[in-house]
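Just so it is clear: chains get the letters A, B, ... in the order the sequence lines come, proteins before strands, and each one is counted from 1. Below, each value reflects all heavy atoms present in this structure, side chains not excepted, and no hydrogens, waters or symmetry copies. For clarity, every value in this text was computed on a predicted model and none was experimentally measured.
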Protein chains: 2
Amino acid sequence: MTAGATGPTRVLVVDDEPQIVRALRINLSARGYQVLTAHDGTSALKAAAEAKPDVVVLDLGLPDLDGADVIAGLRGWSTVPILVLSARVDSSDKVAALDAGADDYVTKPFGMDELLARLRAAVRRSSSAADGEQAVVETSSFVVDLAAKKVWRDDGEVHLTPTEWGVLEVLVRSRGRLVSQRQLLQDVWGPKYATESHYLRVYLAQLRRKLEPEPSRPRHLVTEPGMGYRFEL
Amino acid sequence: MTAGATGPTRVLVVDDEPQIVRALRINLSARGYQVLTAHDGTSALKAAAEAKPDVVVLDLGLPDLDGADVIAGLRGWSTVPILVLSARVDSSDKVAALDAGADDYVTKPFGMDELLARLRAAVRRSSSAADGEQAVVETSSFVVDLAAKKVWRDDGEVHLTPTEWGVLEVLVRSRGRLVSQRQLLQDVWGPKYATESHYLRVYLAQLRRKLEPEPSRPRHLVTEPGMGYRFEL
DNA sequence: GGTGGCCGTCAAGAGTCCGTAAGGCCGGTC
DNA sequence: GACCGGCCTTACGGACTCTTGACGGCCACC
């Protein structure tokens, strides 16, 4: 549940050893991450500023800048999670990096499984922290705030019942995509109700009456006959 | 979930080896942390619910519960940083713990310097995430000072009982957003009370009587039937 | 042209949830 | 030992919501 903008998680990999970069790129891409790379501290700072990655994997042994300087350079304007990679096992190096603002420290050689798990942990933390900020979806006739659980129309706030919310939330969360009746029923009413498609007719009608400008000709809560329902902006 | 502002950082140390507990207690206390301890998973969950520590140091080799269960038990209601301590170096253990919701993983034997640095990093993250909150919140009919734990109305200071304050604090901290009954109960009474929703009816009524101009027609402490409660400015 | 499936609409009873008030229990204080 | 404040529990009336059934329109297929 990354904040606001959907899409793949962007990882900036900073290392001057091509083998490491290559191994990380392969493993991360295979798991659906979008991978950006930099080979020295200067270009890393530049890339971070331009691409705004969701997490940074940073090797400390860079040719141009000291590792602590790179961390400081990032921390000056960003709270992006930084996962430090280093060949140095000395604890004073770890302490220095962590106190400079790194989020985690992994020593080379590292297990790819462990690195990926630590990466997941770092991303999970930062996304849940930023949660509740950008959960607002806007259409031409109404506005949905998923975090606050509120809906507005031009003429003011609209009150929804819990079940109405359940249905709307599932649809809005997969905006644009088709949601099957079965899926919708299971998410809102539970697995036992997967075939009670009558419920959907009742509640979709209710939502349209409250939200659509012309309830009989819905533009945002659309029926796909025989398949399911779709929320369109 | 980090407690307001003041006071020393509270660390909950969970380990069944007295030597480790003792070493951590000495080192942490010397650096100004307030140390709580538990020697098994059950009492750890209980202590966490009651004392609301700012960070948890958790050994995985506990006598009663599996480490993953302890993590899951905490993550069910809290986002407190969890730093796992373990003798197992196998990477699958690390992956399991991190994916269960742990924030960091340190293998025994560990360097105290490194552990402290990782602890600082974990605390720094969670406190900066909770940062940017205003300590004083003002509505049209009363004023709440979260740091001082005080409330005023036009006609002077209002005395709240500890439980009343707990409820109000959770609601004010997520102002505007809906707080589910479950969330509210878990934050104020602890995870075991997640279904005792009649507590909320009683205490919300009490708060309204003390704070709302028209207790029977609340404007700031609003009920969303079937879903939860919401604090509005 | 008929028929059956699928969807939308409406209405009513059953059931759930909420607000309110009052009483008992416990621990602290004088 | 009596008092008191705070917390938990219980009961009840009322409002709202969910569920359910019936009916009509639309379309595709026979």
Side-chain angles (χ1 to χ4, degrees), chain A residues 149 151 157-171 178-182 184-190 192-230, chain B residues 49-50 149 151 157-171 178-190 192-231:
Chain A
K149 283 197 172 27
V151 190
E157 193 177 331
V158 182
H159 176 78
L160 298 184
T161 71
T163 309
E164 287 165 5
W165 248 111
V167 175
L168 183 65
E169 186 170 4
V170 172
L171 288 174
L178 174 74
V179 182
S180 72
Q181 309 196 21
R182 187 178 205 81
L184 206 40
L185 285 162
Q186 284 184 349
D187 283 5
V188 178
W189 279 269
K192 289 182 180 175
Y193 295 77
T195 59
E196 304 282 344
S197 56
H198 184 96
Y199 290 6
L200 294 179
R201 289 202 282 282
V202 174
Y203 278 94
L204 264 295
Q206 226 145 327
L207 282 171
R208 284 166 181 154
R209 206 178 313 137
K210 291 186 175 182
L211 300 178
E212 292 275 5
E214 291 181 276
S216 58
R217 207 169 295 121
R219 280 163 51 189
H220 305 109
L221 300 168
V222 186
T223 302
E224 299 281 356
M227 311 188 54
Y229 294 87
R230 179 201 309 279
Chain B
E50 285 170 3
K149 290 194 191 293
V151 188
E157 189 177 336
V158 181
H159 172 75
L160 297 184
T161 71
T163 309
E164 286 166 4
W165 176 259
V167 174
L168 183 65
E169 183 173 10
V170 173
L171 287 174
L178 176 75
V179 183
S180 72
Q181 314 194 33
R182 187 178 205 81
Q183 183 72 43
L184 205 40
L185 286 162
Q186 286 182 347
D187 282 5
V188 178
W189 279 271
K192 287 183 179 172
Y193 295 78
T195 60
E196 306 284 339
S197 57
H198 50 278
Y199 290 10
L200 295 177
R201 291 205 285 281
V202 174
Y203 279 93
L204 263 295
Q206 232 146 347
L207 282 171
R208 283 168 182 152
R209 210 176 309 140
K210 290 186 176 182
L211 300 178
E212 291 275 4
E214 291 180 277
S216 59
R217 208 169 295 120
R219 280 165 52 190
H220 305 107
L221 300 168
V222 185
T223 301
E224 298 282 356
M227 305 204 282
Y229 294 87
R230 181 202 308 280
F231 169 74

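- Rounded to whole Å, atom C1' of C:dA22 lies 11 Å from atom CZ of B:Arg209.
- Among the heavy atoms of the strands lying under 4.0 Å from B:Ser216 are primed sugar atoms or P, OP1, OP2 only; no base atom is included.
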**Request:** Could you walk me through whether B:Val167 and B:Trp189 pass side-chain contact (heavy atoms from CB on, under 4.5 Å), step by step?
**Result:** CA-CA 9 Å; B:Val167 174; B:Trp189 279 271; 3.9 Å; yes
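- Here B:Gln181 reaches the OP1 or OP2 of C:dC18: one of its side-chain N or O atoms lies under 4.0 Å away.
- The interatomic distance linking A:Leu200 (CG) with C:dC6 (C1') rounds to 13 Å, in whole Å.
- To the nearest 0.5 Å, atoms CE (B:Met227) and OG1 (A:Thr163) are separated by 9.5 Å.
- In this structure, the CG atom of A:Leu207 is 15 Å from the C1' atom of C:dT9, given to the nearest Å.
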Do any N or O atoms of the protein come closer than 3.5 Å to N or O atoms of nucleotides 9-11 of chain D, and which pairs are they?
| unit_1 | atom_1 | unit_2 | atom_2 | d |
| --- | --- | --- | --- | --- |
| D:dT9 | OP2 | B:Tyr199 | OH | 2.4 |

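- In this structure, CG of B:Leu185 is placed 14 Å from P of C:dC17, rounded to the nearest angstrom.
- A donor-acceptor pair under 3.5 Å is formed between the side chain of B:Glu164 and the backbone N or O of B:Thr161.
- Only B:Thr223, B:Gly226, B:Tyr229, listed by number, bring a heavy atom of residues 217-231 of chain B to less than 4.0 angstrom from any atom of DNA chain C.
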Give every pair of a protein N or O atom and an N or O atom of nucleotides 28-30 of chain C that lie under 3.5 Å apart, one pair per line with the distance.
none

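- Atom CZ of A:Arg230 sits in a crowded spot, with more than 12 heavy atoms from other residues, nucleotides or ligands closer than 6.0 Å.
- By the 4.0 Å N-to-carboxylate-O rule, B:Glu224 lies too far from A:Lys149 to be salt-bridged with it.
- Residues from residues 157-166 of chain B lying near DNA chain D, meaning a heavy-atom separation below 4.0 Å, are B:His159, B:Thr161, B:Pro162, B:Thr163 in numerical order.
- With a 4.5 Å cut-off on side-chain heavy atoms, A:Leu168 and A:Val151 count as touching.
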**Message:** The test is side-chain contact (heavy atoms from CB on, under 4.5 Å); show your working for A:Thr223 and A:Leu204 and say whether it passes.
**Reply:** CA-CA 9 Å; A:Thr223 302; A:Leu204 264 295; 5.8 Å; no
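- Minimum heavy-atom separation, A:Pro215 to A:Pro218: O-CD, 3.8 Å.
- Here the straight-line distance linking atom CD of B:Gln183 with atom CG of B:Leu171 works out to 10.5 Å at 0.5 Å rounding.
- Spacing between atom CH2 of A:Trp189 and atom P of D:dT19 amounts to 7 Å, rounded to whole angstrom units.
- Heavy atoms only, all atoms of each residue included: B:Pro225 and A:Pro162 are closest at O-CG, 3.2 Å.
- Side chains of A:Trp165 and A:Glu169: a donor-acceptor N/O pair is absent below 3.5 angstrom, by distance only.
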Please tabulate, for side-chain N and O atoms in residues 194-202 of chain B, each donor-acceptor pair with protein atoms closer than 3.5 Å (sequence neighbours left out).
none

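- Rounded to the nearest 0.5 Å, atoms CG (A:Leu207) and OH (A:Tyr229) are 10.5 Å apart.
- Looking at A:Glu212, its side chain never comes within 3.5 Å of a backbone N or O of A:Arg217 through a donor-acceptor pair.
- Per the geometry, OH belonging to B:Tyr193 stands 10 Å off C1' belonging to D:dC8, to the nearest Å.
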**Complete:** Quick tally for nucleotides 24-30 of chain D: nucleotides whose base has a protein heavy atom under 4.0 Å get B, sugar-phosphate-only ones S, the rest -, giving -------
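- Summarising the geometry, the separation between CG on A:Leu204 and P on C:dC7 is reported as 10 Å, rounded to the nearest angstrom.
- The nearest whole Å value for the distance from the CZ atom in B:Arg182 to the P atom in C:dC17 is 14 Å.
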